[in-house]
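In what follows, a single structure is set out as structure tokens and then discussed.
It should be emphasised that the depicted structure is a prediction, and the values quoted were computed from it without experimental measurement. Atoms considered below: every heavy atom in the structure, side chains included; atoms not considered: hydrogens, waters and symmetry mates. Chain A is the first sequence line, chain B the second, and so forth, proteins listed ahead of strands; every chain is numbered from 1.
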There are 2 protein chains.
Amino acid sequence: MPTDVGVAVVGAVSLVGEALVEVLEERAFPLSELHLLDDDEGVGHTVVFNGRNLRVGGADRFDFTRVQLVFLVGASTLVSECHVRAITAGCRVIDLSGSIPVEQQPCLVPEVNGALLDSETGRRAVASPLPESVALAIALAPIRHQLGLHGITVTACLPVSSRGAAGVKELARQTTELLNARPLEPRLFGRQVAFNMLAQTEGVDAQGHAAQERRLVDELRQLLDSPQLEVSVTFIQAPVFFGESLVVSLRGSRDADAQLLSATLEAAPGIEVVASDDYPTAVSDAIGQDVIYIGRVRCGICDPRQVNLWIVSDNVRKGAALNAVQSGELLIKDYL
Amino acid sequence: MPTDVGVAVVGAVSLVGEALVEVLEERAFPLSELHLLDDDEGVGHTVVFNGRNLRVGGADRFDFTRVQLVFLVGASTLVSECHVRAITAGCRVIDLSGSIPVEQQPCLVPEVNGALLDSETGRRAVASPLPESVALAIALAPIRHQLGLHGITVTACLPVSSRGAAGVKELARQTTELLNARPLEPRLFGRQVAFNMLAQTEGVDAQGHAAQERRLVDELRQLLDSPQLEVSVTFIQAPVFFGESLVVSLRGSRDADAQLLSATLEAAPGIEVVASDDYPTAVSDAIGQDVIYIGRVRCGICDPRQVNLWIVSDNVRKGAALNAVQSGELLIKDYL
């Protein structure tokens, strides 16, 4: 007999947290109760769910034995601490924080490795990976064998919403200041992001790689079950509010057929392909959608084994909130 | 005895044309007279040169036997037609139009292949390549042997000034409309470019490559004298007014040493290297400068023979106007 589950969202007062609540409602997630939790700054906010105003409570005081499924949004110490408490309380956990290495807690992208949970029935915690890993895994999974894929080079153009509501506010503020010819004092991003491109360098290590870049490599190798895959990635920060754009170059072991690749991608779950005389953009196509958009599918100018793709996706919805909720649906399957 | 030369600029009423006149003045180019020319729309405009207002004349009526050196800016039919007339009149030509294949008219980037003209004394016409080819050639020439370079993957983020003053005006207009919550009707670029990234598709061929992408491959192979170099390139359009940002991934034939590469780049002409705990941006560093800026010099996460670079450059000045004037200086050397 189906039993609804109690659900908690830690980090509810955030772009991803709010999108997550929206997706839970849209998909009629089988929940008996929903607890929205955050730190002191978020406590007292209200979020609408199924026509009711839910008040955000303090995550530090929450008794996790009251729920069966927990979504962890954000990368604060509060989230890490809740991870431990939720697991100890016997909850199943979908972790969006990226704070735990993939060897200890695998990533889940339902279109790609949804079967993971069939073979690991005891698993109680999975990660929802970076939005860029979600989009790349969905795009590459259906074509990697066709290509004999062994290498991938990615430029990931992030929107400011990757830094949450504060990023969105800062781009709006900087743009207004510049258009009104007022002097600019950057408050976030460390410099002018409006009408400029930044080379993301948060958490750069001694070798010069950003933490997100290493995380993407690990996540993609695990998601595609390709521990030898050669991934080269650069994250850049674009003056865009919502939606990520990925420029992808693939190296395969045999000559590629762009038409066949397009057809394979078109038939795969979670993908919309745009014909080569046109292309999708984050703003005009991806925002608010449950699929990623792929365009400019073409073979290399110099090397017929090389393939280029242009991918756009809603980083907040498709890349985070929706992927987490779909993962949650799989993780509680045996309850229902 | 030194003799100054008569100079004409066709396409003078443009961002690059105006920057070119500025650079001619700054570098005290040895000219006896300067003729600014354009189509009917440009005729009658005035441009300041050495404190004097120069009136722009009609290129279609100009007698090219009056000058010895001609700069051709833009890609109009007027420019193609002037190319023929200037050559016929015995002029030396610096062509920025990109309309002639590199096999017929080689590109010149003085820092890279300035010696070209020593070996080809009869040469009267050279091309100034795409701004992106200029930046890449300057960055790769000093390190390609050190790397054993055989492959390069580039994402070129273009500013709207790549489409001239009309591009600049359109981004400003779209941004203002959106910030004022007015409905957006794109006039240039075919769609929303403000707060969005576009995948450039002008002049896409049957294989899906844009004309600029093929041009960059041809130019880079010629400039680096590497006809077998495997180049994969994607041009994207960013909501940035001035300055291009290039994300570059290199594949060499031996393990790379990031520190040694940085030192080699730092010692090369036309380059400023930024240390790995920081990075340059187009707006904060490159604009108005005579050098390109390189940052995030790092070896691959997965492959030690792979190297990543982040390059920013002033597309109008360094990538076009300055490169053309420096090329002109070399082309008229035997006059002086």
Practice prompt. Check the pair B:Trp310, A:Gln200 against side-chain contact (heavy atoms from CB on, under 4.5 Å), reporting the backbone distance first and the verdict last.
Written response: CA-CA 11 Å; B:Trp310 162 259; A:Gln200 197 103 346; over 6 Å; no

Worksheet item: When you look at B:Phe241 and A:Asn196, which way does the side-chain contact (heavy atoms from CB on, under 4.5 Å) test go after all the steps?
Response: CA-CA 8 Å; B:Phe241 287 112; A:Asn196 197 16; over 6 Å; no

Practice prompt. Show your reasoning for whether side-chain contact (heavy atoms from CB on, under 4.5 Å) applies to B:Cys157 and A:Ile236.
Written response: CA-CA 10 Å; B:Cys157 305; A:Ile236 62 180; 3.9 Å; yes

Discussion item. Walk me through whether B:Arg298 and A:Asp205 qualify under salt bridge (charged side-chain N to carboxylate O under 4.0 Å, His left out).
Written reply: CA-CA 11 Å; B:Arg298 64 200 195 279; A:Asp205 62 22; over 6 Å; no

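Interface remark: A:Val283 contributes backbone and side-chain atoms alike to the contact with chain B (heavy atom separation under 4.5 Å). Within the 4.5 angstrom heavy-atom criterion, only backbone atoms of B:Gln207 (N, CA, C, O) approach chain A. The contact between A:Leu179 and chain B is made entirely by side chain atoms (from C-beta outward), counting heavy-atom distances below 4.5 Å. For a residue to count as touching a neighbouring chain, one of its non-hydrogen atoms must lie under 4.5 Å from one of that chain's; by this rule A:Gln192 touches chain B with the side chain only. Contact of B:Ala258 with chain A is not made at all, since no heavy-atom distance falls under 4.5 Å. Using a 4.5 Å cut-off between heavy atoms, B:Thr153 contacts chain A through its side chain alone, with no backbone atom that close. Using a 4.5 Å cut-off between heavy atoms, A:Ala210 touches chain B through backbone and side chain atoms alike.
Side chains of B:Met197 and A:Met197 form a contact here, defined as non-hydrogen atoms less than 4.5 Å apart. A:Arg191 places a side-chain heavy atom less than 4.5 Å from the side chain of B:Thr281.
The interface of residues 213-222 of chain B with chain A, defined by heavy-atom distances below 4.5 Å, comprises B:Glu213, B:Arg214, B:Val217, B:Arg221.
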